[in-house]
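Numbers for residues simply follow the sequence, beginning at 1.
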Amino acid sequence: MRLTSSIATHHSYYIVYYSRCDKLFSLIYNMKLVFKGKIEESSFILTNFNCAPAQALLQDKGYYKIIWAREKTCKLMVDGYELELERHQVLFSTTLNVLNIPKDVGVIAIVFNREFYCIRDHDHEVSCNGMLFFGSSQPPVIMLNEKEQRSFETIFSIFKEEFETQDHIQGEMLRVMLKRLLIKSTRLITESRNAVQIEKPQLDIIRKFHVLVEQHFKNKHQVMDYASLMGKSPKTISTLFKKAGHETPLTVINERLLLEAKRLLLFSDKTAEEIAFELGYREGAHFSKFFKSHIGIPPVSFRELKLGKQKTV
């Protein structure tokens with residue numbers, strides 16, 4: 001098989017294409033298909049992370065990533081923790097998540113920035129904000145059954161075909177297909193959590209809670225804080241979460257705080273006390289007690305343990 005590469009320019013975008021000359025995804029080795037809009041600096045990328053330019057995307061904090069373990073079960077790192085993604089599971093990562101995906105693990109991914117498609121501003125179109133993308137302790141994962149596998153194959157094939165069509169509406173076509181994928185995925189995660197048993201207005205309350213936690217977790221640590229913002233009682237919100245099969249509202253808040261604490265401990269030079277203040281704690285001791293009660297060890301010990309293990313790997 002012959003390896004080809006091409007770069008084409010047309011109007012407001014350019015395409016970078018690396019692949020073997022096979023039509024089937026399973027036979028593609030190095031793949032990085034890129035759409036860029038020059039005016040709005042939008043980016044949409046289809047890749048399997050098998051080449052150096054694609055690996056560099058993992059270090060860029062400006063991208064949402066949809067990772068499909070298409071070929072086999074694989075292991076990757078998410079926010080410093082190992083995650084096993086089973087074959088035909090799909091992971092949804094925000095711009096906050098720190099990912100490490102080795103080459104040749106058998107994934108295929110969609111990578112896009114806010115300029116290409118803003119999850120928040122277009123929530124009325126796909127209703128995925130607070131369902132697929134939010135700062136929880138672990139990015140949401142869905143499992144595809146045989147029917148959905150065929151559906152995803154079709155969508156990803158259309159994505160790939162669009163990179164062979166160089167015209168001024170290419171970006172809009174990619175956005176249309178991305179929206180279709182997001183809507184389908186939102187339905188799947190809703191079904192997997194039994195949230196279909198509750199009415200849409202109630203589900204929207206749960207989504208809004210997640211969004212508000214993402215916006216205010218550094219200074220609002222109690223369910224009553226968010227209930228007040230939403231004009232609801234804490235009991236009403238807790239009942240809805242239970243009915244939908246979700247973890248408790250307080251768990252959502254605590255896990256978001258712990259996620260940010262872990263990120264800062266592992267990926268910044270800030271002291272535990274500085275992190276405590278950043279997360280809204282007036283006393284470092286209160287933060288340390290909160291962290292230890294959930295993780296089992298104090299923040300400083302967590303940092304030493306994790307970074308020590310990384311150095312020995």
Partner set under ring pair (Phe, Tyr, Trp, His ring centres under 6.0 Å) for Tyr63, not counting sequence neighbours: none
Are side-chain heavy atoms of [X] and [Y] found at a separation under 4.5 Å?
X: Gln149; Y: Arg70; result: no
X: Arg180; Y: Ser185; result: no
X: Phe112; Y: Ser42; result: no
X: Lys65; Y: Leu58; result: yes
X: Ile45; Y: Ile110; result: no
X: Trp68; Y: Leu144; result: yes
X: Cys74; Y: Val107; result: yes
X: Ile237; Y: Met230; result: yes

Full working for side chain to side chain contact (heavy atoms under 4.5 Å, CB included) between Glu214 and Val252: CA-CA 10 Å; Glu214 185 61 36; Val252 172; over 6 Å; no
Interatomic spacing from [atom1] in [X] to [atom2] in [Y] - rounded to 0.5 Å:
X: Thr154; Y: Leu181; atom1: OG1; atom2: CG; answer: 11.5 Å
X: Phe159; Y: Met177; atom1: CZ; atom2: CE; answer: 6.0 Å
X: Ile253; Y: Thr251; atom1: CD1; atom2: OG1; answer: 9.0 Å
X: Gln170; Y: Glu162; atom1: CD; atom2: CD; answer: 6.0 Å
X: Asn50; Y: Asp104; atom1: CG; atom2: CG; answer: 4.5 Å
X: Asp204; Y: Lys208; atom1: CG; atom2: NZ; answer: 10.0 Å

For [X] against [Y], the heavy-atom pair lying closest together:
X: Pro249; Y: Val223; result: CB-CG2, 3.9 Å
X: Ala109; Y: Ile67; result: CB-CD1, 3.6 Å
X: Asp79; Y: Leu96; result: OD1-O, 4.1 Å
X: Leu307; Y: Leu266; result: CD2-O, 3.9 Å
X: Leu91; Y: Ser93; result: CD2-CB, 3.8 Å
X: Lys32; Y: Cys51; result: CB-SG, 3.9 Å

Looking only at atom types and distance, does a side-chain atom of [X] sit under 3.5 Å from a main-chain N or O of [Y], one as donor and one as acceptor?
X: Thr239; Y: Lys235; result: yes
X: Asn113; Y: Glu41; result: yes
X: Thr186; Y: Leu182; result: yes
X: Arg87; Y: Glu71; result: yes

Pairing residues for [X] by the side chain to side chain contact (heavy atoms under 4.5 Å, CB included) criterion, not counting sequence neighbours:
X: Met143; answer: Glu86, His88, Gln89
X: Glu161; answer: none
X: Phe277; answer: Glu273
X: Asp269; answer: none

[Y] reachable from [X] in the ILVMFWY side-chain graph, under 4.5 Å edges:
X: Leu250; Y: Leu257; result: yes
X: Met224; Y: Val213; result: no
X: Leu264; Y: Leu305; result: yes
X: Ile155; Y: Val176; result: no
X: Val300; Y: Leu265; result: no

Intermediate values then yes/no, side chain to side chain contact (heavy atoms under 4.5 Å, CB included), Leu178 and Ile66: CA-CA 10 Å; Leu178 175 61; Ile66 302 174; 4.3 Å; yes
From CA spacing to verdict: side-chain hydrogen bond (donor to acceptor under 3.5 Å, both in side chains), Thr94, Asn97: CA-CA 6 Å; Thr94 71; Asn97 296 115; 3.2 Å; yes
Salt bridge (Lys or Arg N to Asp or Glu O under 4.0 Å) partners of Glu172, counting only residues at least two apart: Arg175
Pairs meeting criterion side-chain hydrogen bond (donor to acceptor under 3.5 Å, both in side chains) with involvement of residues 215-226, two or more places apart: Lys218-Glu278
Tabulate below the donor-acceptor pairs under 3.5 Å that side-chain atoms of residues 290-298 make, not counting sequence neighbours, or state none.
| residue | atom | partner | partner atom | Å |
| --- | --- | --- | --- | --- |
| Ser293 | OG | Lys289 | O | 3.4 |
| Ser293 | OG | Phe290 | O | 2.7 |
| His294 | ND1 | Phe290 | O | 3.0 |

Verdict with supporting geometry, Glu84 and Thr73, side chain to side chain contact (heavy atoms under 4.5 Å, CB included): CA-CA 7 Å; Glu84 184 172 277; Thr73 295; 3.5 Å; yes
For [X], enumerate each residue passing the side chain to side chain donor-acceptor pair (under 3.5 Å) test, keeping only those at least two apart in sequence or located in another chain.
X: Thr95; answer: none
X: Ser238; answer: none
X: Ser151; answer: Lys184
X: Thr236; answer: Ser233

Whether Phe209 and Phe241 hold their rings parallel, tilted or perpendicular, with breakpoints at 30° and 60°: perpendicular
Carboxylate-amine/guanidinium proximity below 4.0 Å for Arg150 and Glu153: no
Worked check of side chain to side chain contact (heavy atoms under 4.5 Å, CB included) between Val111 and Phe44: CA-CA 6 Å; Val111 182; Phe44 179 91; over 6 Å; no
More than 12 heavy atoms of other groups within 6.0 Å of Glu274 CD: yes
